[in-house]
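The chain is numbered in sequence order, starting from 1.
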Amino acid sequence: MKFKVIFCFFVFMAFLGVNKSDACSRILYVGDTTTTTTDSVLRIVGRSLDWKTPIPTNLYVYPRGMKKKGNEKPGAVTWTSKYGAVYAVGYDGGITEGMNEKGLVINGLFCKGTVYTNEQTEGRPGMSLAVFIAWLLDMNATTPEVVDVLKKQDFNISGATFDGGTVSTLHWGITDAEGRSAILEFDNGVVKVYEGEDMPAMTNDPQYPAMTAINDYWKQIGGINMLPGTVRSSDRFVRGYFYQGHVDKTNDADLGLSIIRSILVNVSVPYLYTVETEPNVSSTQWRSFSNIRDRLYYFDIVTNMGVFYIDLKKCDLRPGAPVMKLDTSKSQDYIGDVTSRLVKHAPFTPMY
């Protein structure tokens, strides 16, 4: 145990010397699991989207039965959606995250150093980052189903740059209605999947094994005594992990939302915060909260006065139903249930 603590300490100190804070945090809140059935336990996935400039993000609801493709090149992955879903779409061109009607939630976060392809993946059916999350949400109801697809790796990831040439280097958090979780990362073209029950925290780099080693170091110190307080990726991970484990566990949806919102605020980067020596530090632009049990998708834009949500149970997800959109640029006064404000809209155009 002593060796483990010392080892983790040196990993941590080495990391401090090279890491620059990136964007985004994901924390899973789990309610009271001791007195209720599995399907009545409240689970809310909260995430922050941090970036140096505002990322216009609109909400789309897609029905079942839609034919889609991974990109425009011959031989791309094609599918017909089995499940309806709500997507958060950045720049009206790429899906950042989403939740489907079965309660499967997938969040994409930045992770420097990610490499999606290698010689072995070349020639496999194409899949653009712009619709990768849609493919997984459209065709799978649970985390194990997603993991099976990923481990087969019968696809080749590609993606456009955005915001003046930024490369979309990502990893993903996956959680289903029963709390089965996974972290997906690409290591020089090789799929790495880390599975567990109710995996509570995820931020950016380093990759997951190194991040958990850093967190293990702080567990030995004990968060009641001291927690790292900067906006670095590892510090946000440690704080989020600690707080989610030391709050009341409730199955009341409103109280649970308040709890996870407060945790996400604690690990968010203050709006318009900048550090000259940390060029990659990014302000939190928005936060989302996916209430898996009740199929409620909350959106919290930091410059807005309130939080609003889409109720997937009220959406028409039948095959042939129209795509619906919520333009968040018009949401300054939105508070509460805005499902009725969704309007029919053409599908977004992916940035292949």
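- Ile44 and Ala253 get closest at one heavy-atom pair: CD1-O, 4.3 Å.
- Lys102 has its side chain out of reach of Asn140: every pair of non-hydrogen atoms, C-beta onward, lies at least 4.5 Å apart.
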Task: ring pair (Phe, Tyr, Trp, His ring centres under 6.0 Å) between Trp218 and Tyr241, intermediate numbers included - done: CA-CA 10 Å; Trp218 282 101; Tyr241 187 99; over 10 Å; no

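- Note on Val307: it does not cluster hydrophobically with Met305, by side-chain heavy-atom contacts below 4.5 Å among ILVMFWY residues.
- Of the N and O atoms on the side chains of Thr117 and Asn156, not one donor lies less than 3.5 Å from an acceptor on the other residue.
- Here the CG atom belonging to Asn215 is positioned 9.5 Å from the OG atom belonging to Ser234, to the nearest 0.5 angstrom.
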Open item on the list: Pair Gln207, Lys192 - check side-chain contact (heavy atoms from CB on, under 4.5 Å), show working.
Closed with: CA-CA 10 Å; Gln207 291 189 340; Lys192 299 288 183 70; 5.6 Å; no

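- Aromatic rings of Tyr116 and Phe186 (six-membered ring for Trp) have centroids within the 6.0 Å cut-off, being under it.
- Listed for the Arg124 side chain is a donor-acceptor partner under 3.5 Å among the backbone atoms of Gln153.
- Using a 4.5 Å heavy-atom cutoff, the side chains of Tyr194 and Pro209 are in contact.
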Open item on the list: Checking Arg26 against Thr175 for the side-chain hydrogen bond (donor to acceptor under 3.5 Å, both in side chains) test, could you report, in this order, the C-alpha distance in whole Å, the side-chain angles of both residues, the deciding distance, and whether it holds?
Closed with: CA-CA 11 Å; Arg26 169 203 165 275; Thr175 304; 2.8 Å; yes

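- Contact of the Ile310 side chain with the Val61 side chain is registered, since non-hydrogen atoms from C-beta on lie closer than 4.5 Å.
- Within the 6.0 Å centre-distance limit, the rings of Phe299 and Trp286 are counted as a close aromatic pair.
- In this structure, the side chain of Asp176 engages the main chain of Gly179 through a donor-acceptor pair within 3.5 Å.
- Atom-to-atom distance recorded for Asp187:CG and Asn118:CG is 10.0 Å, nearest 0.5 angstrom.
- For the pairing with Arg287, the side-chain hydrogen bond (donor to acceptor under 3.5 Å, both in side chains) check across Ser25, Ser48, Ser268 returns one residue only, Ser268.
- Contact check for Asn204 versus Arg236: side-chain heavy atoms found under the 4.5 Å cut-off.
- Ion pair Glu195/Lys151 flagged as a salt bridge, since at least one NZ, NE, NH1 or NH2 atom sits closer than 4.0 Å to an Asp/Glu carboxylate oxygen.
- Using modelled atom types, one side-chain atom of Thr142 and one backbone atom of Glu145 make a donor-acceptor pair closer than 3.5 Å.
- Two residues are said to be in side-chain contact when any heavy atoms from C-beta on lie closer than 4.5 Å; Arg239 and Asn266 meet this criterion.
- Closest of all the heavy-atom pairs between Asn71 and Ser128 is CB-CB, 4.4 Å.
- No continuous path of hydrophobic side-chain contacts links Tyr83 to Leu136 [ILVMFWY only; heavy atoms under 4.5 Å].
- Judged by distance alone, with hydrogens and angles left aside, the side-chain atoms of Thr114 form no donor-acceptor pair with the main-chain N or O of Thr169 at under 3.5 Å.
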Open item on the list: side-chain contact (heavy atoms from CB on, under 4.5 Å) for Trp135 and Val149? Distances and angles first, verdict last.
Closed with: CA-CA 10 Å; Trp135 177 48; Val149 171; 3.6 Å; yes

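- Asp32 places no side-chain N or O within 3.5 Å of a backbone atom of Lys249 that could act as its donor or acceptor partner.
- Here the closest heavy-atom approach between residue Ala182 and residue Val147 is recorded as CB-CG2, 4.0 Å.
- A salt bridge links Lys313 to Asp311: one of the charged nitrogens lies within less than 4.0 Å of a carboxylate oxygen.
- Contact between Gly108 and Ile133 at its shortest, heavy atoms only, is N-CD1, 4.1 Å.
- If you look at Phe132 and Phe155, their ring centroids are closer than 6.0 Å.
- Atoms CD1 and CD, on Ile55 and Gln285 in that order, are 7.0 Å from each other to the nearest 0.5 Å.
- Asp198 and Leu28 get closest at one heavy-atom pair: CA-CD2, 3.5 Å.
- Not a single donor-acceptor pair under 3.5 Å links the side chain of Asp294 to the backbone N or O of Leu296.
- Ser81 places a side-chain N or O within donor-acceptor distance of the main-chain N or O of Gly65, the cut-off being under 3.5 Å.
- Using a 3.5 Å distance cut-off with no hydrogens or angles, the side chains of Asp252 and Thr250 do not pair a donor with an acceptor.
- With values rounded to the nearest 0.5 angstrom, Thr33 atom OG1 is found 11.0 Å from Glu197 atom CD.
- Put simply, Ile27 and Val247 are part of the same group of oily side chains (I, L, V, M, F, W, Y) that touch within less than 4.5 Å, one to the next.
- At a threshold of 4.0 Å, the pair Arg47-Glu97 counts as salt-bridged, since one of the basic side-chain nitrogens sits closer than that to a carboxylate oxygen.
- Side-chain contact between Leu170 and Leu109 is absent, with no heavy atoms from C-beta onward closer than 4.5 Å.
- Using modelled atom types, no side-chain atom of Arg232 and backbone atom of Pro228 make a donor-acceptor pair closer than 3.5 Å.
- For the salt bridge (Lys or Arg N to Asp or Glu O under 4.0 Å) condition, the pairs that include at least one residue of residues 337-349, sequence neighbours left out, are Lys314-Asp337.
- The OG1 atom of Thr78 sits 10.0 Å away from the NZ atom of Lys69 when rounded to the nearest 0.5 Å.
- At most 12 heavy atoms of other shown residues, nucleotides or ligands fall within 6.0 angstrom of atom CD in Glu119.
- Here the side chain of Glu72 pairs no donor or acceptor atom with the backbone of Tyr352 at under 3.5 angstrom.
- Ring pair Tyr298/Phe289: centre-to-centre distance not below 6.0 Å.
- Between the side chains of Ser331 and Thr328, no donor-acceptor pair of N or O atoms lies under 3.5 Å.
- Taking a cutoff of 4.0 Å between a charged side-chain nitrogen and a carboxylate oxygen, Asp138 and Lys68 qualify as a salt bridge.
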TODO: Take Leu104 and Thr143 through the test side-chain contact (heavy atoms from CB on, under 4.5 Å) and record every step on the way to the result.
DONE: CA-CA 7 Å; Leu104 180 68; Thr143 298; 4.0 Å; yes

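- For the atom pair CE of Met211 and CZ of Phe237, the computed distance is 6.0 Å after rounding to the nearest 0.5 Å.
- For the pair Leu257 and Asn291, the minimum side-chain heavy-atom distance is 4.5 Å or more.
- Residues Tyr60 and His345 meet the side-chain proximity criterion, which asks for heavy atoms closer than 4.5 Å.
- With hydrophobic clusters built from ILVMFWY side chains whose heavy atoms lie under 4.5 angstrom apart, Val302 does not share a cluster with Phe308.
- In the hydrophobic clustering of this structure, Trp51 does not group with Val265; members are Ile, Leu, Val, Met, Phe, Trp, Tyr whose side-chain heavy atoms approach within less than 4.5 Å, directly or through other members.
- Side-chain N/O atoms of Ser233 and Thr203 include a donor and acceptor closer than 3.5 Å.
- At least one donor-acceptor pair under 3.5 Å links the side chain of Glu101 to the backbone N or O of Gly84.
- The pair Asp92-Lys325 meets the salt-bridge criterion, since a charged nitrogen lies less than 4.0 angstrom from a carboxylate oxygen.
- Summarising the geometry of Pro54 relative to Tyr271, their closest heavy-atom pair is CG-OH, 4.4 Å, with the distance given to 0.1 Å.
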